[in-house]
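Worksheet: one structure, shown below.
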2 protein chains.
Amino acid sequence: MERDPSTPGAPGTPGQRGPHPHGHVTLGDVARHVGVSAQSVSNALNNPDRVSPLTRERILAAVAELGYRPNRSARALRNQRSRLIGVKVEASRDDRAALLLDQFLHALAESARGAGCHLILCQADGEAEEIAAYRELLDTTSVDAFVLSGAHADDRRIPALREWGVPFATFGRSWDHDPDLTWVDVDGRAGLRAATAHVAAQGHRHVGHVGWPQGSEVGRDRRRGWLEACASLDLPAGAEVGVPDDFDAGRAAAHRLLDAADAPTAVVCSSDTLALGVLRGLSERGLHAGRDVAVTGFDNSPTATLSTPGLTSLRQPLEQVAHDLVAGLEDLLAGAASPQQSLLEPELVVRASSLRGPTP
Amino acid sequence: MERDPSTPGAPGTPGQRGPHPHGHVTLGDVARHVGVSAQSVSNALNNPDRVSPLTRERILAAVAELGYRPNRSARALRNQRSRLIGVKVEASRDDRAALLLDQFLHALAESARGAGCHLILCQADGEAEEIAAYRELLDTTSVDAFVLSGAHADDRRIPALREWGVPFATFGRSWDHDPDLTWVDVDGRAGLRAATAHVAAQGHRHVGHVGWPQGSEVGRDRRRGWLEACASLDLPAGAEVGVPDDFDAGRAAAHRLLDAADAPTAVVCSSDTLALGVLRGLSERGLHAGRDVAVTGFDNSPTATLSTPGLTSLRQPLEQVAHDLVAGLEDLLAGAASPQQSLLEPELVVRASSLRGPTP
DNA sequence: CTGTTAGCGCCTTCAT
DNA sequence: ATGAAGGCGCTAACAG
């Protein structure tokens with residue numbers, strides 16, 4: 001239907017846009033049209049100063065007229081550079097990362113385009129599978145570089161890619177102070193400091209925390225932000241619950257915190273998932289988030305907007321993250337000596353769950 | 001750092017895996033290692049019967065030993081086929097499509113891998129931008145085919161791609177009964193019939209509907225499912241509200257329905273976004289979803305799991321959608337005469353919002 | 001059954 | 001300033 005391979009190249013066939021069966025305009029077509037060599041066309045486009053201004057003019061006009069675009073495969077073959085960046089997608093889990101993936105991919109695709117690159121996806125569920133998928137893309141010369149998301153301490157992907165000698169940048173730190181790693185991360189510690197300061201500004205003095213301090217540097221880091229803010233604001237040491245990052249754990253955590261003698265009136269959480277669990281926990285006790293207990297999350301996931309009440313959360317600056325990742329890769333590909341590392345502050349998005357006013 | 005372009009090919013350099021500066025094993029390397037021509041190696045891999053079993057054996061052994069993988073660019077250049085499928089990602093909107101994007105992409109990447117293909121992303125925000133992005137991928141010979149999501153009536157992308165003669169398949173119908181279109185869609189009408197029957201089975205007789213019947217065939221189709229079920233179950237004609245697909249509209253719709261004299265005791269919605277709005281509307285009136293009023297949504301978005309109470313919803317079989325899309329594209333690329341079209345049933349996922357039991 | 005030839009479209013190198 | 005030659009890695013077509 002859309003294209004019938006059995007009748008390639010019949011002139012006038014839909015999709016026929018040049019003298020070739022496949023309908024693509026090549027360097028040679030432009031050259032013939034102008035009456036110069038293919039080489040001059042290539043130069044006019046890639047080394048403008050190697051060609052006289054006049055011919056350059058004529059060539060560019062022909063390029064525009066014929067709609068010439070360089071063939072990606074030919075260029076990649078010749079230059080040993082595909083202008084493709086490998087990215088993994090994984091099965092959606094109901095956790096923070098998954099909810100943001102589309103926004104992140106969009107931002108990354110946009111930044112890549114700015115660098116003249118495209119994203120190629122690979123699919124993998126475990127770390128081993130992911131490494132294998134990267135290896136395949138690399139062995140088939142499909143990519144110039146990779147962007148890894150969710151880098152963590154003891155990340156096996158990092159030594160693997162490094163050993164292969166392929167440039168890569170990570171969203172998330174490795175937490176081992178590796179000076180040779182190109183990374184971008186969001187400062188969760190600063191984020192929880194901001195959330196804590198915000199609820200304190202609403203008059204709350206007993207600020208509890210729900211997070212997952214074990215097993216993850218990210219969790220420890222966010223918790224540290226809460227602790228630091230409590231200390232610097234002279235709040236009494238708040239209660240905290242450390243749980244895995246899932247909804248029911250957040251729900252249970254809310255009950256545990258509120259059952260205590262010295263129950264907090266505000267709860268800052270290390271993720272939206274946990275915060276939404278806390279919201280449910282509150283509602284199960286007949287309490288209203290915001291009016292009775294302030295609650296904040298982390299990630300500003302779409303869910304945060306849609307929960308009842310709206311969840312105050314910390315927005316990750318994904319556009320900036322994507323931009324810095326691509327810039328870091330460009331540096332690596334250009335042979336930069338020292339890798340870029342950038343730590344970005346999340347932005348507090350205030351909604352009803354942390355405000356005393358009537359629940360809207 | 002990860003790779004220093006200024007010292008390519010020093011033997012023993014990380015990333016050095018063959019005799020070439022870039023460290024990739026080529027057909028020629030394998031051929032030399034076995035003592036045959038490059039052509040025979042190619043044949044052993046692509047036309048096994050054109051080579052004697054014994055040499056084939058030896059060649060495959062060498063391929064495995066050296067870790068040969070064909071160079072994607074070279075193969076694409078030679079075959080005029082990139083084995084890349086173009087897919088668009090757009091800025092996340094808080095609507096149904098965006099929340100599912102990552103799941104869909106994952107499923108699609110998985111299916112593509114089964115067909116020996118990869119996904120290449122392009123980024124675009126409006127329809128015009130999207131068409132331009134496709135055009136660029138096509139002109140640079142970057143893709144063999146496209147998968148479009150969210151096809152709708154009067155979709156300008158469809159005639160554009162068709163005119164260019166490039167194979168494509170759409171997630172969503174065009175609704176103009178186009179027999180030449182390869183599409184996969186989820187049967188929203190069947191979905192709303194199922195949701196309506198489910199709440200009826202809970203004893204509800206007054207089943208209202210909140211959807212967006214104007215401006216979208218999808219909305220009209222889903223509404224029709226609700227109407228059909230009411231008719232076939234002998235339920236009295238239920239009240240309905242037609243609104244745009246957003247959270248606040250759902251919230252307002254709940255109030256409008258419940259203010260009426262003959263207020264429904266169950267509300268089936270055409271999207272999770274609307275259903276979540278309805279949940280908030282109920283909670284604002286002090287009503288409990290499930291116990292007081294049954295509510296169902298559509299999409300089974302991550303949010304449905306995390307809302308309070310959990311939202312009964314209709315899960316789209318995205319794995320099957322992805323599989324059928326890729327199968328449809330393979331058919332097109334193989335020159336099939338009649339395009340595949342498949343309509344898949346969503347699966348009702350029951351949670352507390354539609355159950356009379358105590359809100360868990 | 002195997003090898004040689006040629007060329008996909010592009011760009012670096014080297015003449016002119 | 002321009003063009004010719006050659007090759008990136010692969011495979012269809014044709015020898016042998």
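Here is the naming used below: chain letters follow the sequence lines, and residue numbers restart at 1 for every chain. Bear in mind that the values here come from a model prediction, so they are computed numbers and not experimental data.
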Can you tabulate the close N/O pairs, meaning under 3.5 Å, that link protein atoms to atoms of nucleotides 5-8 of chain D?
from, atom 1, to, atom 2, distance (Å)
dG6(D), N2, R78(A), NH1, 2.8
dG7(D), N2, R78(A), NH1, 3.4
dC8(D), O3', Q80(A), NE2, 3.1

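The CG atom of N47(B) sits 15 Å away from the C1' atom of dG3(C) (whole-angstrom rounding). The separation between E57(A) atom CD and dA1(D) atom C1' is 16 Å, rounded to whole Å. Protein atom CG of D29(B) is 13 Å distant from nucleotide atom C1' of dC10(D), rounded to whole Å. Rounded to a whole Å, the OH atom of Y68(B) is 10 Å from the P atom of dG9(D). Note: CZ (R69(B)) to P (dG9(D)) measures 16 Å, nearest angstrom. As a whole-Å value, the separation of H20(B) NE2 from dC10(D) C1' is 13 Å. A straight line from CG of L27(A) to C1' of dG3(D) spans 13 Å, rounded to a whole angstrom. N43(B) has its CG atom 15 Å from the P atom of dC14(D), to the nearest Å.
When side chains are defined from C-beta on, T140(B) does not count as touching R83(A), because their heavy atoms never get closer than 4.5 Å.
Of the candidates dC10(C), dG3(C), dT11(D), the closest approach to any side-chain atom of S37(B) belongs to dG3(C).
With K88(A) as the fixed residue, the salt bridge (Lys or Arg N to Asp or Glu O under 4.0 Å) test singles out one of E129(A), E127(A), E130(A): E130(A). Put simply, the residue from V143(B), L332(B), I158(B), V147(B) that forms a side-chain contact (heavy atoms from CB on, under 4.5 Å) with F168(B) is I158(B).
Scanning both residues, D29(B) and L66(B), for their nearest heavy atoms gives O-CD1, 4.1 Å. Counting all heavy atoms, side chain and backbone alike, D144(B) lies closest to P167(B) at O-CD, 3.4 Å. Contact detail for A76(A) and S73(B): the closest heavy-atom pair is CB-OG, 3.2 Å.
Side-chain nitrogen and oxygen atoms of R50(A) include none within less than 4.0 Å of the OP1 or OP2 phosphate oxygen of dT2(D). When the side-chain nitrogen and oxygen atoms of S52(B) are compared with OP1 and OP2 of dT2(C), one or more of them lie within a distance under 4.0 Å.
Heavy atoms of T55(B) sit under 4.0 angstrom from primed sugar atoms or phosphate atoms, though from no base atom.
The main-chain N or O of R173(A) is never found under 3.5 Å from a side-chain atom of Q341(A) such that the two would form a donor-acceptor pair.
Side chains of S174(A) and D155(A): a donor-acceptor N/O pair is absent below 3.5 angstrom, by distance only.
In the displayed structure, N47(A) atom CG is contacted under 6.0 Å by more than 12 heavy atoms of other residues, nucleotides or ligands.
Comparing the start and finish of the helix from dC1(C)-dG16(D) to dT16(C)-dA1(D), five pairs each, the helix axis swings through 50°, to the nearest 10 degrees.
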